[in-house]
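First the structure, in the form of structure tokens, and then the observations on it.
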Amino acid sequence: MITLILLLIFVGFSFAGEGGYVYLVNLSGSDWKQTHIESNSMNWKFPALLKNGESELVYVEFKDFLFLSHSQAQVDYELVGTGGKSFQILASGKIFKSLAIYYNNLEVNGKPKGWVCEIGWKHDGDNNVIIIGKNGRYTGTCLDGSNWMKNNMDVLGSRTLRQISIAGSHDSGMFRLDGGTAFGTDCNVLTQYFNFWMQLKQGIRYFDIRPVIGNGGKYHTGHYNHIPGSWQGGNGQSIASIITDLNYFTKNHNELIIIKLSHSLNTEVGPNSYRKFNQEEWERLFQKLDAINHLYKNDDRNVHLDQITLGNYTNNGSKSSVVIIVDDPDSNVELGSRWGTGYFMPQNLDIYDDYSKTNQWRSMINDQIQKMHNHSSKQYFILSWTLTQSDSQAALCHVSFAHEPIKELAKQANNQLGILLYSQVSASSFPNIILVDGISSTDVATMALAISTKIML
């Protein structure tokens, strides 16, 4: 009897297809005309025509039976008026599902014709297919994350920071655990998959760095929270290795990089007495950060950094620039003579940054979209596309059957980084920073570039 029940359950799951969405965003400069479509064991219906500037969400479903059949499908689109330029969207899956874009005779992201862009597959999420065309060039999904600003300087260079969107990482250095408290674990401390250098390669240009002193007086990134009676958390990537990563990247890539320092914490003053940095501790950190190459210099203490064009920061793509914002009000930090030599204060970049404090992605998105509509026209707006563990989730991280790591919550949020954001964006309401946990690809940078393009239409 038990065997029969298990078999029925297994068969039931086998009949249940694995579904998700393909989100088409046409910013190519041409209408997309469907020229061919076919499918095997899939729900696969795509629009016959998608006009330039439009987007459409398409539900697709792999309908494998007992993992025996192999789902396959494709749809072909021609870019109207381009002399036959075209691309295909391909799906394949048995146990492992995948989507890909095959650029037949279309040169995209500096790659040769016939290049295949592997999208992967987000179950119950948005799998974005974005093509952006300008001045005879095409970019979009699977963009060159290391050079996306420079590669689009002809479009973005004349625009100020307030007029573009870029990708950012939350708790940027927390990709590994390097010391911490008894209850600080990978599950409730780590927010990212990659180190600083790899995040730069994925197109991240805004970094949320929270410096701590620990491990015998060394400077690290940190992720700590105060709970009744104690501090709990851990240390991540060292500041020294971040400087190395940053200098290695800017040696070969001419991009603008913004670093915000906040939430300083000295963890070596007693387990219940952690505190903000004092001025001497900040000074020691600044001495290390002085080794960063290409620090942006501006001797106007009243400068509004968001009113400077991307081209000005990078000399139209011929140099790198690194801007450090020191925003840690309770520590009473002073920059002294460093002000304007790469280091700036909050009054130089009026940031709105208010996360949603929820572990439910629907609630987070509704909250952040509403804040975007209310505040993005007035301030440099950070869209915190992040989920926060509940107290019980954080406390039970060491219990394998009960935990839900921060990075797993990040997947839930990042799976929805498609229509729910893009459809809400307009020239008067858009994010300057899309801040996320769990960076794993160039998807966030691609969405930022699509938003920057959309608001210019």
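Everything numeric in this text was worked out from a predicted model, so none of it was measured. Side chains included, hydrogens not; waters and symmetry mates left out as well; all remaining heavy atoms used.
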Review point. Are the side chain of S363 and the backbone of N359 linked by a donor-acceptor contact shorter than 3.5 Å?
Key: no

Note to self: Can a side-chain donor-acceptor contact be found between Y23 and S55 if the only test is distance below 3.5 angstrom?
What the structure shows: yes

Query raised in the report: Going by distance alone, is a donor N or O of one side chain under 3.5 Å from an acceptor N or O of the other, for T35 and D76?
Result: no

Within the side chain of N127, is there an N or O that forms a donor-acceptor pair under 3.5 Å with the backbone of K122? yes

Please confirm whether the ring centroid of F207 lies under 6.0 Å from the ring centroid of F196. yes

Report task. Verify salt bridge (charged side-chain N to carboxylate O under 4.0 Å, His left out) between E255 and K150, making sure each step is shown before the conclusion. Result -> CA-CA 6 Å; E255 306 276 292; K150 178 182 177 181; over 6 Å; no

A quick test of your reading: do over 12 heavy atoms of other residues, nucleotides or ligands sit less than 6.0 Å from OH of Y248? no

ask   = Counting distance only, does the side-chain N/O of D437 pair as donor-acceptor with the main-chain N or O of T386 below 3.5 Å?
value = no

query: Given the side-chain rings of H375 and Y352, with only the six-membered ring counted for Trp, is the space between their centroids under 6.0 Å?
result: yes

Query raised in the report: Between K97 and E18, is there a salt bridge with N-O shorter than 4.0 Å?
Result: no

task = Answer yes or no: is there an ion pair linking E408 with K411, defined by an N-O contact shorter than 4.0 Å?
result = yes

Between S392 and S390, a side-chain donor and acceptor under 3.5 Å
yes

**Message:** Is it the case that the ring center of F286 lies less than 6.0 angstrom away from the ring center of Y343?
**Reply:** yes

task: Please say whether more than 12 non-hydrogen atoms of neighbouring residues, nucleotides or ligands are located less than 6.0 Å from NZ in K357.
output: yes

Closest non-hydrogen atoms of Q192 and S172, given as atom of the first, atom of the second and distance, are CG-O, 3.8 Å

Q. Is any NZ, NE, NH1 or NH2 atom of the basic residue among K134 and D154 found under 4.0 Å from an Asp or Glu carboxylate oxygen of the other?
A. no

| query | So, K371 and D354, do they make that salt bridge, N to O below 4.0 Å? | reply | yes

Smallest heavy-atom separation, N52 atom then G29 atom, equals OD1-N, 2.8 Å

>> What I want to find out is whether R338 reaches D290 closely enough, with some N-O distance under 4.0 Å, to be called a salt bridge.
In response: yes

query: Can you find a heavy atom in the side chain of F87 that is under 4.5 Å from one in the side chain of V108?
result: no

Residues P431 and I451: closest non-hydrogen pair is CG-CD1, 4.1 Å

Open item on the list: Do the side chains of D350 and K378 get close enough for a salt bridge, i.e. N-O under 4.0 angstrom?
Closed with: no

- prompt: With no hydrogens and no angle check, is any side-chain donor or acceptor of Q34 less than 3.5 Å from a backbone partner on F46?
  reply: yes

